[in-house]
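Note: hydrogens, waters and symmetry copies are ignored here, and every other heavy atom, side chains too, is used. Fair warning: this is a prediction, and the values are worked out from it, not measured in the lab.
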Amino acid sequence: QVQLVESGGGSVQAGGSLRLSCAASERTFSFYSMAWFRQAPGKEREFVGRITSVSGSTYYADSVKVRFTISRDDAKNTVDLQMNSLKPEDTAVYYCAARKSSNLFRSSDSRSYNYWGQGTQVTVSS
């Protein structure tokens, strides 16, 4: 199993920044694609972005492009989500997720991911 532990959540004012981190226990972390999702109260889980294993290619939802950046450090088995210019609508519980790189299902579908963190709350106030 792959265990994911998230950190970095908190409360900020609109326009501020936060950096979330996800640490994985898996020794073969470099062979997994990693993604971030978020879920606001009363809404479905929403895709934020993902980063692939070998190529490190990133892909983001339109709502967070330019403002958010995903990076990974395979030596440390971590993946980060840098969030800038935060807006109140970014308020949600943020989850990191992992799946094997061989999974060819569309990366924005949460059902394709096998492992999940417990989530960390991000609150953005006006």
side-chain contact (heavy atoms from CB on, under 4.5 Å) evaluation trace for Tyr115 with Gln3: CA-CA 7 Å; Tyr115 307 102; Gln3 293 183 331; over 6 Å; no
Output field: ring centroids Tyr59/Phe47 closer than 6.0 Å: yes
Same cluster (ILVMFWY, side-chain, under 4.5 Å), Leu20 and Val93: no
Aromatic contact, Phe37 with Trp116 (centres under 6.0 Å): yes
Stepwise side-chain contact (heavy atoms from CB on, under 4.5 Å) check, Ser17 with Met83: CA-CA 5 Å; Ser17 299; Met83 304 184 294; over 6 Å; no
Within one Ile-Leu-Val-Met-Phe-Trp-Tyr cluster: Ile51 and Val64, side-chain cutoff 4.5 Å: yes
Flag side-chain contact, heavy atom, 4.5 Å: Glu89 against Thr91: no
Val2 reachable from Tyr113 in the ILVMFWY side-chain graph, under 4.5 Å edges: no
Val12-Leu81 co-clustered via ILVMFWY side chain contacts under 4.5 Å: yes
Distance-minimising heavy-atom pair for Ala98 and Leu4: N-CD1, 4.1 Å
Sole residue of Thr123, Leu86, Thr120, Val124 in side-chain contact (heavy atoms from CB on, under 4.5 Å) with Leu18: Leu86
Carboxylate-amine/guanidinium proximity below 4.0 Å for Arg72 and Asp80: no
Step-by-step side-chain contact (heavy atoms from CB on, under 4.5 Å) determination, Val48 to Glu46: CA-CA 6 Å; Val48 175; Glu46 176 189 21; 5.6 Å; no
Minimal non-hydrogen separation, Arg50 against Ser57, with atom names: NH1-O, 3.0 Å
Side-chain H-bond candidate by donor/acceptor type, Ser110 with Arg45, under 3.5 Å: no
Derivation and outcome, side chain to side chain donor-acceptor pair (under 3.5 Å), residues Asn103 and Ser112: CA-CA 8 Å; Asn103 193 324; Ser112 68; 4.9 Å; no
Cation over ring face, Arg38 and Tyr95, 6.0 Å, 45°: no
Minimal non-hydrogen separation, Ala92 against Gln121, with atom names: O-NE2, 3.4 Å
Student check: side-chain heavy atoms of Glu6 and Trp36 closer than 4.5 Å: yes
Within-4.5 Å side-chain heavy-atom neighbours: Ser30 and Ser53: no
Nearest non-hydrogen partners of Ser71 and Arg19, listed with the distance: OG-NH2, 3.6 Å
Parallel, tilted or perpendicular, as decided by the 30° and 60° cut-offs, for the rings of Phe68 and Tyr94: tilted
Closest contact, heavy atoms only, Asp90 versus Arg67: OD2-NH1, 2.8 Å
Selection residues 29-119 - residue pairs positive for disulfide bond (SG atoms under 2.5 Å apart), sequence neighbours left out: Cys22-Cys96
Listed partners of Ser7 passing side chain to side chain contact (heavy atoms under 4.5 Å, CB included), at least two apart: Ser21
Test item: Val66 and Tyr60 side chains (from C-beta on) under 4.5 Å apart, heavy atoms: no
Over all atoms of both residues, closest heavy-atom pair of Thr52 and Ser33: CA-OG, 3.8 Å
Residues in salt bridge (charged side-chain N to carboxylate O under 4.0 Å, His left out) contact with Asp73, at least two apart in sequence or another chain: none
Donor-acceptor contact below 3.5 Å, side chain Gln39 vs main chain Glu44: no
